[in-house]
Structures are given as C-alpha cells and as structure tokens.
**Student:** 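Could you have a look at this structure, given as structure tokens, before my questions?
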Amino acid sequence: MCGIFGIVTTNEQRLGPILTEAGYRLSYRGYDSVGIATIHADGNIDLRKDAGKVSQVAEKYNFNEMVGTRGILQLRWATFGEPSLVNSQPHLDSEGLMVGAHNGNVVNNVELRKQFMAEGMTVRSTNDGESCVHAVERYIRKGLSILEAIRHAYDDLEGDYAFVIGLAKDDKIYAFKKGSGLVVGIGNDFACISSDLPSILPLTRNIIFMNDGEIVELSAKSARLFRVIDGKPIDRPIEEVEDTMEAAQKGGFAHFMLKEINEQPKVAEELIHLWENSTDVEQVLAAMQQARSIYFIGCGTSYNACVAGTVYFNRLAGRSVFPVAAPQFTAQYNNAIGPEDVGIFVSQSGETKDVLNAVEIARKRGMRIFSLVNVVGSTLTKLSENWLPLTCGYEISVPATKTFTNQLVGFLYLAYRMGNIPTSPLLQIPQWMNEAIQSSQDQIPHILPHIKDWNDLYCLGYGLTYPIALEGALKLKEITYAHCEGMLSTEFKHGPLAAVTKGYPVIFTTTTADIPVIISGINEVTCRGGCAIAIGPKDERLDTNANYVISISQPTPEIASILSVIPLQLLSYHMSLSRGYDPDFPRNLSKTLTVD
Ligand code: M6R
C-alpha cells in the first residue's frame with residue numbers, strides 16, 4: 001500500500017515527532033521501510049531512512065531530533081525493489097536539491113530508470129519512488145518551474161500513485177494525485193498532506209480532498225490547487241470535517257460493517273503479499289517449529305480464529321496447538337508453560353486487557369511471545385518478541401469482520417508454510433471471497449424473512465466449520481441482540497434439540513467432506529418442523545435436505561471454511577438492519593476492551 005505524509009510550518013521546529021506520529025497512524029499501509037526528510041530553513045536536507053518498522057527505524061536514526069520547516073515521511077510496502085536502505089523513501093534527486101516520496105505503483109519504472117540514467121541523472125535505487133523525483137528533475141533541468149515540471153512528470157509516470165516533493169531552495173512542498181488517495185489538512189501555522197484522512201485528523205479538521213489530475217502547492221499558510229491538464233488554478237473551499245474519522249471512511253457504504261465485509265478480498269490479498277516476503281514470518285515459523293508446545297490465545301472473535309488455526313495446523317502441518325480464551329490461560333496452563341513454549345497472541349486492537357494479562361503471565365514463565373495484530377504500534381506489538389500484521393487497515397465497526405478473515409488467512413498461511421505446502425492456492429482467496437459475497441447477497445433476501453423475528457437460534461458447524469459456527473453465532477448475537485448459540489453440530493442432539501419448534505431457525509455450515517454428518521443434523525431439525533439453513537458447497541444433498549442453501553466454492557476444505565463465514569456476516573448485518581439497529585455500534589459494546 002505505502003503511505004506518505006508531508007508538512008510545512010511557519011518556523012523551524014522539531015518535525016521528527018510529528019512525522020513519526022503520522023508514521024504510526026499510517027503504518028497499516030506498509031512497514032517494509034520508513035524514512036523522513038526534513039528541510040531546514042537554510043535549505044539543508046536531513047534524510048534518514050532504512051528498512052524496518054517505524055519504531056525500529058525511528059529509534060535507530062533518532063527521528064525525534066529532526067528539525068526543519070518542511071518534512072516528508074514515507075512508509076513502504078515493497079513492490080519495486082527489495083526492502084532495503086537504498087530503496088527506502090524519501091529519495092533525493094541527482095544533486096540533492098530536492099527530496100520526494102510516493103505511494104502506489106509507477107508501472108513504467110524500469111523504462112524510466114534507463115531513460116534517467118541515459119540523460120545523466122544519478123539513479124541510486126530500483127524503487128519507483130525515486131523515478132518520481134527524477135521525472136520532476138528532468139524538467140527542472142530543462143528550466144521549467146516546479147509546477148510546470150510536475151505537470152510534465154505526471155504525464156511521464158504511468159500507474160496509480162500519489163507523490164509529494166520539496167525543493168531545498170523554496171519554502172513550500174508540492175504533491176500530485178494520480179489514482180492513490182491524497183488529503184490536505186490546513187492548520188493555524190502549518191499545512192499538511194497525507195495518504196489518508198485519519199492520519200491528519202489529530203492535527204486539524206480543516207480538510208481539502210484532492211482529485212486525480214490535481215497538483216497542490218502547500219505553504220504554511222495556504223494550499224493552492226492546480227489542474228495538471230492545463231495548469232489552471234482550482235478554487236476549492238476548505239471543508240471542516242465535523243465528524244470523527246469514521247464518517248470520513250465509509251466510502252459510499254451505508255455502514256462500516258458492510259464496507260469492511262466488502263474489503264475482505266482486498267485485505268486478504270495484501271496479507272498474503274506482505275507475508276510472502278516477510279522475514280518476520282520466517283522468525284515466527286522458526287520459533288513455532290522449535291517449540292515444545294504452541295498456544296493460540298485470544299478473546300471473542302480472535303479466540304474463534306485461534307480455534308480455526310488449531311484445525312489448520314493439525315490438518316496441514318500435523319502439529320497440535322492449544323487454543324485458549326485468554327482469561328483461561330492462567331487457570332489452564334500457567335504451571336505448564338516455560339521458555340520452550342511459544343504463545344501466539346491474537347488481537348485486532350492489540351490492547352485487549354484480557355490478552356495483555358495472559359501475556360504478562362506468559363512473560364513471567366519465560367514463554368516466547370509472538371502475536372498477530374491489526375493495530376500497528378499497539379501494546380501487544382511492543383510486548384511481543386515479534387509480531388505479524390493483519391494488514392486490514394482501520395476496522396471501525398465494532399463487529400470484527402475483515403480482521404477475523406485475515407486472522408484465518410494468516411493462520412492458514414502459517415500452516416501451509418509449516419507443512420511445506422506451496423502457498424500459491426491462497427492467492428485465489430480474494431476471488432473466491434468475492435464470489436461468496438455475491439452468492440450471499442443473492443440468497444439472503446429469501447432467507448431473512450424466516451429468521452429475522454426469532455429471538456433465539458443456533459449456528460452449527462463440524463470440523464473445519466466448527467469455529468466458523470462460533471463466529472457466526474457471535475456476529476448474530478452482537479448486532480441483532482437475538483440469542484444465538486454456536487456449537488458443534490453433533491452436540492445439538494445431546495440437549496439443544498429440545499428447543500426446536502415449528503419454523504425454529506438452525507444454521508448449518510459445512511465443507512464437502514462433512515456433508516453426511518451435517519445432513520443428519522439438518523434432518524433432526526427439519527423432521528421436527530425446524531427451518532434448516534445450510535451454508536456449504538453446491539451439492540444436491542444440501543439442496544434436497546435443507547430449507548435454504550447459500551452455496552460457497554470449495555477450492556480446498558480449509559479455504560472453504562474461511563469463505564463460509566461471509567454469508568454469516570452478511571446475514572447478521574441484514575438481520576440487524578431489519579430490526580432497526582446500527583450494526584456498527586451495537587449497544588453495550590466497545591471495539592477495544594482495555595478493562596478486565
Ligand atoms: O481487539 P481484539 O481482537 O483483542 O478484541 C477481542 C474481542 O473483544 C473482539 O474480537 C470482539 O469479540 C469482536 N469485536 C466481536 O466482533
């Protein structure tokens with residue numbers, strides 16, 4: 001993804017802390033490398049950058065002490081050029097007279113680099129961000145003004161990206177947008193620009209949203225916009241963003257939950273891409289391979305993901321893992337663990353107190369602590385020997401959706417690697433997720449009338465889909481306020497079956513291999529007048545036995561299990577709406593639970 005942030009201030013001051021903070025806020029966008037350039041009032045450029053996460057590079061290069069009147073930060077999610085110091089951004093031009101950084105991809109980077117070298121420029125890296133700087137330099141060398149040079153560079157640079165640049169002998173910074181997000185913030189004595197709005201909101205709520213094909217010239221007191229096509233100024237008023245960052249991020253969807261469900265294919269793709277080249281993944285895998293015992297520890301949705309992870313590890317890597325609800329960790333294991341064991345702590349927020357309490361116990365016993373976390377820079381990341389990012393960006397909606405599926409994708413990825421299985425099938429997950437969203441949208445209108453008024457229902461799974469049933473039931477409970485119990489389908493006949501009356505809804509999730517056992521469960525419900533809704537493969541046995549079916553692709557049993565949570569998320573969402581509730585902010589709940 002990559003992220004950029006730039007700032008111009010009236011007086012020279014310590015910009016390092018401001019830029020580093022912005023880096024933390026943007027770090028969900030990439031952390032292969034990070035860099036800051038500050039430009040002093042006298043035009044000196046201080047450039048510090050390296051491969052690594054914000055916290056590591058900031059400490060190593062003492063970002064905190066960096067001063068200037070202008071500053072640029074970049075976080076990189078590597079595409080062009082390996083993650084390394086030389087490929088880190090920002091980049092200088094040939095003579096060190098300007099500095100710039102981009103996010104996105106310049107697709108003709110390789111050809112451009114050859115051209116720049118042939119034209120006598122100093123090209124230091126293979127990174128496409130550097131090509132953006134040289135593309136401007138090319139026209140500055142020809143005597144054009146900075147604005148004219150940017151207009152020409154825009155045409156030369158193919159792809160989707162946003163770019164920010166500052167000249168040493170100037171008092172402004174400039175940016176242009178071509179496909180990637182770019183937002184301007186105006187403060188009392190500064191102006192700033194960023195890849196996303198939330199990273200600006202802590203500084204100012206006075207915002208200008210940029211469109212593709214626009215250039216902005218930022219001084220400490222103003223932001224002037226120009227059209228790339230003809231250089232004409234654009235008159236766009238500053239908007240005061242009244243709402244919290246949530247409103248700025250709904251992206252056209254009615255609710256964050258719906259947006260986040262629809263983001264699942266994209267964030268899954270990003271996770272696989274990032275983990276594929278990650279040395280952190282190697283370290284976590286090595287620790288797990290050497291471990292005497294492995295524990296997956298989390299709460300709520302994250303705990304359900306831990307249960308799924310243990311099934312993947314058993315099936316694909318032949319490795320047993322203990323899934324634990326974090327508050328039970330002490331009761332069940334504290335006298336059994338030691339330095340030979342590995343705990344993988346799973347948390348969207350990285351701040352859940354129940355999880356941090358378990359970490360504390362594990363630390364005291366010398367256990368090795370690793371984590372899967374969505375919020376970069378959270379407490380859990382700091383307490384972990386190493387951690388792997390869930391790469392979901394902000395998850396605003398209280399019901400976890402995209403972080404759950406990426407927890408599953410992450411566990412599945414690790415299980416494939418531990419089992420020495422090629423990970424290439426995982427690359428198709430986004431496409432199958434899209435199909436699952438579509439097939440859910442087609443079927444849910446037929447199913448909803450039969451469940452929406454029930455205040456009591458069950459969600460059952462078996463084997464691979466048992467944790468999916470737990471998660472589906474949690475989603476239904478959380479946002480419809482109906483009681484929904486998730487359980488192993490075969491346990492239903494041992495007691496809960498007594499609840500079934502005419503029309504009583506029971507949702508079943510299954511993969512192909514488990515259809516026979518699920519069919520038994522379905523018939524135990526339907527023969528008593530209950531309503532059986534099946535989520536599983538397109539299969540005649542399900543069609544003939546269940547009242548309603550949502551069909552899910554079955555590329556592999558494990559991937560199918562991940563896909564089968566999507567209909568449950570969407571069913572919960574629509575049932576919540578049908579009851580007049582706000583699925584994003586269900587009563588009594590909080591996204592991050594920092595209390596016992
Ligand atoms: O931030 P965490 O993943 O540690 O949060 C744990 C639970 O509070 C959380 O998963 C909760 O169950 C979900 N918001 C439910 O959708």
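Indexing begins at 1, ligand by ligand and atom by atom, following the structure's order. The chain is numbered in sequence order, starting from 1. The model shown is predicted, which means the values in this text are computed figures rather than measured ones.
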**Student:** For the 3.5 Å polar cut-off, considering only N or O atoms, please tell me whether Gly350 and ligand 1 meet it.
**Tutor:**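 Between Gly350 and ligand 1, no N or O pair is found under 3.5 Å apart.
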
**Student:** By the definition side-chain contact (heavy atoms from CB on, under 4.5 Å), identify the one residue from Asn406, Val565, Ile261 that meets it with Thr401.
**Tutor:**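 Testing Thr401 for a side-chain contact (heavy atoms from CB on, under 4.5 Å) against Asn406, Val565, Ile261 leaves exactly one candidate, Ile261.
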
**Student:** So is there a nitrogen or oxygen of Glu471 less than 3.5 Å from a nitrogen or oxygen in ligand 1?
**Tutor:**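 By distance alone, the answer is no.
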
**Student:** Yes or no: does Lys475 have any heavy atom under 4.0 Å from an atom of ligand 1?
**Tutor:**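 Under 4.0 Å: yes for Lys475.
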
**Student:** Does Glu269 pair with Lys266 as a salt bridge, N-O distance under 4.0 Å?
**Tutor:**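 Salt bridge between Glu269 and Lys266, a charged N being under 4.0 Å from a carboxylate O: no.
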
**Student:** When you measure from the centre of the six-membered ring of Tyr481, is the NZ or CZ of Arg587 closer than 6.0 Å and no more than 45° off the axis?
**Tutor:**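 Yes - Arg587 lies over the ring of Tyr481, closer than 6.0 Å to its centre and within 45° of its axis.
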
**Student:** Below a 4.0 angstrom heavy-atom separation, can you tell me which part of Glu478, side chain or backbone, both or neither, approaches ligand 1?
**Tutor:**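 It is the side chain that gets close, since no backbone atom is under 4.0 Å.
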
**Student:** Against heavy atoms of Ser349, which atoms of ligand 1 measure under 4.0 Å?
**Tutor:**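 Numbered from 1, ligand 1 contributes 1 (O), 2 (P), 4 (O).
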
**Student:** Pick out which of Val321, Ile562, Leu414 makes a side-chain contact (heavy atoms from CB on, under 4.5 Å) with Tyr312.
**Tutor:**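 So the option named by the test is Ile562.
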
**Student:** Indicate whether the side chain of Thr509 and that of Ser564 have a donor and an acceptor atom separated by less than 3.5 Å.
**Tutor:**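 The criterion, which ignores hydrogens and geometry beyond distance, is not satisfied for Ser564 and Thr509.
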
**Student:** Can an N or O of Val355 be found at a distance shorter than 3.5 Å from an N or O of ligand 1?
**Tutor:**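 No - when backbone and side-chain N and O of Val355 are compared with those of ligand 1, no distance drops under 3.5 Å.
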
**Student:** Number the atoms of ligand 1 from 1 as they appear, then name those within less than 4.0 Å of a heavy atom of Ser302, with their elements.
**Tutor:**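 Once the distances to Ser302 are compared, the set is 2 (P), 3 (O), 10 (O).
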
**Student:** Between CD of Gln441 and NE2 of His574, what distance do you get to the nearest 0.5 Å?
**Tutor:**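 With rounding to 0.5 Å, CD (Gln441) is 6.5 Å from NE2 (His574).
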
**Student:** Which ligand 1 atoms are under 4.0 Å away from a heavy-atom of Pro399?
**Tutor:**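 Once the distances to Pro399 are compared, the set is 16 (O).
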
